[in-house]
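Per chain, numbering begins at 1; letters A, B, ... match sequence-line order. Model, not experiment: these values are computed from the prediction.
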There are 2 protein chains.
Amino acid sequence: MPARIEDVAAHAGVSTKTVSRVLNGHPSVRATLRTRIEASIRALNYVPNPSARGLAGNRSYLVALLYDNPMAGSSYTMELIVGVLQACKGTPYNAVLHPFDTADDLAAQIDGFVATHRPDALVLVPPHANNAKLLQRLDELDIRYSTVSSKLRQSRIDIGFDERRAAADIVEHLISLGHRRIAHITGLHGHGARTWRLSGYRDALRKAGIAYDESLVVEGDFTFASGMAGAKALLDRRRAPTAIFTANDDMACGVMREAYERGLAIPGDLSVCGFDGTPVSQLISPGLTTVRQPCREIGCQAVESVLQSIRDPALRQQARVPYEVQLRASTAAPRKP
Amino acid sequence: MPARIEDVAAHAGVSTKTVSRVLNGHPSVRATLRTRIEASIRALNYVPNPSARGLAGNRSYLVALLYDNPMAGSSYTMELIVGVLQACKGTPYNAVLHPFDTADDLAAQIDGFVATHRPDALVLVPPHANNAKLLQRLDELDIRYSTVSSKLRQSRIDIGFDERRAAADIVEHLISLGHRRIAHITGLHGHGARTWRLSGYRDALRKAGIAYDESLVVEGDFTFASGMAGAKALLDRRRAPTAIFTANDDMACGVMREAYERGLAIPGDLSVCGFDGTPVSQLISPGLTTVRQPCREIGCQAVESVLQSIRDPALRQQARVPYEVQLRASTAAPRKP
DNA sequence: GTCAAATGTACCAGCGCTGTCAACAGAAAA
DNA sequence: TTTTCTGTTGACAGCGCTGGTACATTTGAC
């Protein structure tokens with residue numbers, strides 16, 4: 001039978017309440033006493049019972065991660081999860097992962113979810129992070145949440161990275177190689193990622209004095225198939241682009257597939273770069289030039305911040321974690337035009 | 001304030017204990033009464049408080065998934081997680097994900113983990129599923145567990161698929177295309193996957209009357225780099241193989257990279273096939289012939305079975321879920337030798 | 001129709017912890 | 001010196017649920 005708080009109290013010669021104070025980091029315990037109690041905790045190998053704690057304190061010690069179902073298999077989500085778990089480690093909090101279908105009325109579904117699991121805090125990933133109704137409902141329910149890469153100002157705590165700047169960086173890289181006819185395949189409508197990455201693309205062109213050519217931008221939806229379709233359209237043009245920048249890596253793979261089918265060499269005939277830095281960018285040949293999105297760090301900080309906001313409900317934070325442009329073999333100087 | 005069991009009891013005109021019996025599926029409640037109580041539960045939108053339940057019943061309603069840290073980013077783990085979550089859905093159980101470093105002494109670490117989270121059941125993934133000491137410790141602690149693809153007979157509940165047969169299938173495919181000089185890059189020592197996939201490779205050769213050539217088998221460790229290194233060694237031979245079968249997809253990508261660097265065409269100069277059916281097999285060009293491992297189904301069933309074993313501790317199960325050979329463009333008939 | 005067995009119900013204690021509130025000591029202010 | 005305050009500690013109730021026990025009711029066999 002594991003030790004109980006009562007056993008620790010007896011061992012240290014204090015009341016259970018005082019032990020409880022130490023466990024919960026309450027300030028009004030003398031340092032000497034605190035040390036003695038901590039020693040007793042270690043001596044008895046005591047670990048508080050989460051159920052009892054939760055029941056008495058009306059908390060669940062659960063942080064829920066709400067992500068999009070179709071993304072379930074994505075390494076983006078996986079990396080985020082790794083970060084979330086890392087942040088929970090060493091805290092009494094556990095992570096609950098919850099894939100939510102975008103199609104359904106989230107703001108309604110959330111009530112059921114909250115009733116069942118009673119999470120103390122939520123972390124929202126796009127597209128849910130952009131769902132204004134959902135955030136509003138959470139505010140009504142008075143549940144702390146943080147968002148990842150949200151477009152909405154409404155979110156008090158948001159963690160992301162400077163996607164616009166990162167996109168500009170990678171396009172500038174293409175420009176520095178000598179490319180002038182650079183195409184872009186966008187992300188899915190409604191995602192901030194679509195807007196920011198497109199803006200960055202335009203920023204870089206503007207900075208280099210290259211006129212923005214609308215016909216070089218085609219709509220994608222983050223899928224391999226849409227990347228392939230986009231490449232088809234672009235490569236069928238009379239004056240095909242010499243480089244294609246896609247809003248994520250999967251679409252870049254689609255572009256590479258289309259090039260492969262046409263017998264175009266990468267980077268000889270076409271430079272390709274992606275975005276996100278998913279594992280595939282390293283596995284594919286040639287290696288894909290991309291921006292590594294710091295998913296782990298983002299997931300980790302999203303949890304840390306939202307846990308902090310439980311103690312300090314007024315907390316506001318818009319953190320931007322550093323990213324990294326990864327230059328690989330899929331980009332090179334264009335052949336003479 | 002959410003409804004309590006007491007409210008449901010009052011609404012249905014019964015005692016709280018009777019409601020509790022309905023909630024926990026106790027048999028001794030008349031069908032008519034059960035129906036009435038279930039109606040009250042729905043009417044009041046009642047959801048039992050997990051903390052209270054856990055405290056009173058000395059349970060945590062937690063299923064822990066123990067996986068290997070370095071695999072954190074792998075889509076194998078991600079898919080498994082998806083299956084695990086799916087199985088928990090609709091049950092009062094939650095999943096706790098726990099990456100464990102292989103290096104450390106697991107059997108010792110597990111005590112700390114169990115003390116902290118008190119999971120009612122565990123699901124073990126290789127390599128932990130092959131750790132005899134760990135399983136023994138869990139037996140001592142009397143904690144139910146299930147394993148995924150374990151080599152050990154010790155495990156009462158194991159879910160996997162017929163890896164040996166699947167490997168044989170894919171090698172037979174290569175043979176049917178006309179390949180005779182087929183190489184294999186193995187998985188990491190200690191994993192059942194290494195042994196079974198190698199055995200399947202040998203089975204297929206034997207069945208086709210092709211002599212086993214030890215020099216065509218090189219050691220790998222499931223990483224991209226080891227696939228590349230293996231390919232280097234194999235392609236430097238005087239009589240290079242016309243096809244390479246690797247024990248997972250990442251290594252197949254390594255082989256493809258090495259072929260790319262040497263200017264070898266796939267599948268023209270070299271056929272490549274992998275194993276696992278990770279997302280990269282579809283994203284890479286040409287598409288990679290592989291075996292789709294039914295990770296989700298495995299994760300799902302591993303949880304379902306272990307939850308069942310909580311009620312029925314004598315339960316034994318060795319399930320083999322169906323797999324699927326996915327033929328893509330990375331394999332074709334060899335050129336005239 | 002009777003009796004025993006089987007089935008179903010009510011009540012109460014208590015799971016292990018934290019919140020509330022009261023008590024007390026010592027320091028600062030009057 | 002007395003009063004007031006702040007900082008520290010403890011006593012006790014009770015969070016919402018389930019297990020056990022004792023009692024009530026139904027069922028089936030004879």
Nearest-Å distance, [atom1] ([X]) to [atom2] ([N])?
X	N	atom1	atom2	result
B:Glu6	D:dG16	CD	C1'	9 Å
B:His26	D:dT18	NE2	C1'	12 Å
A:Ile5	D:dA11	CD1	P	14 Å
B:Arg21	C:dT9	CZ	C1'	7 Å

- Item | Upstream residue (5' side of DNA chain C) when B:Arg118 and B:Thr16 are each assigned their closest nucleotide |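 This one resolves to B:Thr16.
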Can you tell me if the side-chain N/O atoms of [X] get under 4.0 Å from OP1 or OP2 in [N]?
X	N	answer
A:Arg4	C:dG16	yes
B:Asn58	D:dT18	no
B:Arg59	D:dG19	yes
A:Thr18	D:dG10	yes
A:Ser28	D:dG7	no

For [Y], is there any backbone N or O sitting under 3.5 Å from a side-chain donor or acceptor partner on [X]?
X	Y	value
B:Ser20	B:Thr16	no
B:Asp142	B:Asp139	no
B:Glu79	B:Pro294	no
B:Asn24	B:His26	no

Carboxylate-amine/guanidinium contact [X] [Y], below 4.0 Å:
X	Y	value
A:Arg118	A:Asp120	no
A:Asp111	A:Arg137	yes
A:Arg320	A:Asp158	yes

- Task: Could you check whether the rings of B:Phe113 and B:Phe100 sit parallel, tilted or perpendicular, using 30° and 60° as the cut-offs?
- Result: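 Perpendicular: the ring planes of B:Phe113 and B:Phe100 meet at over 60°.
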- To the nearest 10 degrees, what angle separates the axes at the start and end of the helix from C:dG1-D:dC30 to C:dA30-D:dT1, five pairs each?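 The angle separating the two end axes equals 30°.
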Can you tell which of [options] lies closest to the side chain of [X]?
X	options	value
A:Leu23	D:dT18, C:dT18, D:dG10	C:dT18
B:Leu33	C:dT9, D:dT9, C:dT18	C:dT9
B:Lys17	D:dG19, D:dA11, C:dT18	D:dG19

- Does the side chain of A:Ser305 come under 3.5 Å of the side chain of A:Gln317 through a donor N or O and an acceptor N or O?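 Note: A:Ser305 and A:Gln317 side chains meet the donor-acceptor criterion.
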- Listed in order of residue number, which residues of residues 40-56 of chain A have a non-hydrogen atom at under 4.0 Å from DNA chain C?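 Contacting residues: A:Tyr46, A:Pro48, A:Asn49, A:Ala52, A:Arg53, A:Ala56.
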